[in-house]
Amino acid sequence: MHSAGPPAAADLVWAAPVPPIAAHALLIFLLQIGVLLLLAIMLGRLAARCGLPAIVGELSAGVLLGPSLFGWVAPDAAAWLLPSDPGQVHLLDAVGQLAVLLLVGLTGIEMDLRMIRRRGSTALRVSLAGLLVPLALGVGLGYPLARMLGIGAADRQMFALFLGVAMCVSAIPVIAKTLMDMNLIHRDVGQLTLAAGMIDDTFGWLMLSVVSAMTVGGLTAGVFAEAIGSLLLVLLLALLIGRPVVRRALRLCRGSDERTVSAAAAMILLASAGTQALGLEAVFGAYLCGMLIGSSGEFDRARTASLRMVVLAVLAPVFFATAGLRIDLRALRHPPVLAAALIVLAIAILGKFAGAYIGARLSRLSRWEALALGAGMNARGVIEVIVAMVGLRLGILDTRTYTIIVLVAVVTSVMAPPLLKAAMKRIDCTQEEEHRLTAWRGAPQVRGSPERAEP
């Protein structure tokens, strides 16, 4: 019996290497990033001069470059710069996803968990009221709104459930960027807003998965069990495995700013991949990992100043500008769509404000603190845009209803900063908040970071 010898050269089949990105696709991608970033920075500075946070201008950059203006005035030029080819669109989306995950991770790092543990019941009450009131109003509005827009009777139930979910979510990235831009993230109200918003978003993603499952294969008890089981598994792994791993990794990076930045970014992205693999949203893993990093006892904020600078000054503006590209305000030219949009917007604002206000007052917070919480949690931002995109993909939404929900996301994000600013002027800075700010001032100043805030 002869042993098999090595294969002859002619028998070897080498897989062809994957070709690199085409020259034209690379050119378009670089132009997209450059134009979006430049316009976002310019409009962000303009918004700041008008007394608004930079995020207002950054969101407007995408709207102006999208079909609402540039795509309408110069369709050929818009089609060249922003082609609808999925591969080209996904390149831009990938940059946006990287930006939002790192932004949310930095938000988790800035969380004061001691304050949250001490006032966790307050955050929970605010969150629950801020969830249930808009959820109920959204579902109740869904049925007459579906008839008003001519949606078929068979699809009205799913549309009503989906609208309720869209009404109850908040936008952690928008809230975080707004608080950073306004130098309010060190305040108790800012911390409570982030904590309550994270609870809202977690519930919203779970409900979105349930609605998606109902659309595809019907609602079963297994859908609820799987979603809740995944959430509990993530929390258990974070406590038992994630905490010691994060502490050990940061200890090994001690003494090197570059290694600390790399390790923090890598852990945030890997945690995002973990929750995404378990059926939860990647943003939840990024936020949870950020909290583990910030509370590890081995973390020095001064060492990650460069990461904050890149995220806040480059990636975040591109992300918010990208979010506006899919908005088409031309659908509002039709009176029924415009009327429906105004009704949905009014109910969305009223529901979130009322829910957060009730929860805050039940927790014995002052009237201005309750209003500030309502203003902060009212920002829907790109999280609602993502929810709307899911609805569009599932067939629950059409172009009209998608535009309505995205309009709510943009308007609530734009109106939140001035309302939050007006309410916070009437809330005195506590000694604990001053101590928290002092602890954060050890890091170099970065645009939009809490270190440059004034008590």
Side-chain angles (χ1 to χ4, degrees), residues 26 29-45 47-48 53-55 57-59 61-62 91-111 171-183 185-186 194 246 249-250 253 255-273 282-283 285-287 289-294 299-323 381-382 440-453:
L26 179 59
F29 172 70
L30 295 176
L31 287 174
Q32 288 174 341
I33 295 293
V35 171
L36 284 172
L37 179 58
L38 181 61
L39 187 58
I41 292 173
M42 293 172 58
L43 294 180
R45 289 177 62 87
I55 186 177
E58 292 164 0
L59 282 170
L91 284 175
L92 199 57
D93 285 344
V95 177
Q97 287 298 314
L98 177 65
V100 73
L101 293 176
L102 291 176
L103 177 60
V104 171
L106 290 175
T107 303
I109 289 175
E110 300 293 351
M111 290 296 293
I172 283 293
V174 174
I175 294 172
K177 187 66 163 46
T178 299
L179 291 171
M180 289 179 180
D181 282 341
M182 299 181 68
N183 302 312
I185 200 169
H186 70 286
L194 288 173
V246 167
L250 293 176
C253 297
S256 172
D257 293 0
E258 292 81 2
R259 288 198 298 268
T260 301
V261 167
S262 299
M267 289 187 291
I268 290 171
L269 296 178
L270 289 174
S272 305
V283 68
Y287 186 79
C289 183
M291 288 194 294
L292 292 178
I293 293 173
F299 177 70
D300 183 1
R301 285 181 174 82
R303 297 194 181 282
T304 56
S306 58
L307 178 61
R308 290 199 299 276
M309 179 179 293
V310 171
V311 172
L312 295 176
V314 179
L315 293 178
V318 172
F319 168 61
F320 288 113
T322 302
V382 290
W440 287 349
R441 276 181 171 169
Q445 294 184 3
V446 181
R447 183 187 78 86
S449 66
E451 290 83 2
R452 67 171 191 176

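By convention here, the first residue in the shown sequence is residue 1.
Atoms CD1 and OG1, on Ile33 and Thr322 in that order, are 6.0 Å from each other to the nearest 0.5 Å. To the nearest 0.5 angstrom, Ile109 atom CD1 is 10.5 Å from Leu292 atom CG. Between atom CG of residue Leu103 and atom CG of residue Leu98 there is a gap of 11.0 Å, rounded to the nearest 0.5 Å. Atom CG of Leu269 sits about 11.0 Å away from atom CD of Gln97, to the nearest 0.5 Å.
The shortest heavy-atom contact between Ser306 and Val261 is OG-CG2, 3.4 Å. Smallest separation of non-hydrogen atoms from Arg259 and Cys253: O-SG, 3.5 Å. The two atoms that bring Phe29 and Val95 nearest to each other are CZ-CG2, 3.7 Å, heavy atoms only. Heavy-atom minimum distance, Leu39 versus Ala61: CD2-O, 3.7 Å. Here the shortest heavy-atom pairing between Met267 and Ala249 reads SD-CB, 3.9 Å. Closest approach of Phe319 to Gly96, counting heavy atoms only: CD1-O, 3.2 Å.
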Does the pair Val100 and Leu315 meet the rule for a side-chain contact (heavy atoms from CB on, under 4.5 Å), with working shown?
-> CA-CA 8 Å; Val100 73; Leu315 293 178; over 6 Å; no
Checking side-chain contact (heavy atoms from CB on, under 4.5 Å) for the pair Leu36/Leu92: CA distance, chi angles, key distance, verdict?
-> CA-CA 10 Å; Leu36 284 172; Leu92 199 57; 3.8 Å; yes
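The side-chain heavy atoms of Ile293 and Ile268, taken from C-beta on, include a pair separated by under 4.5 Å.
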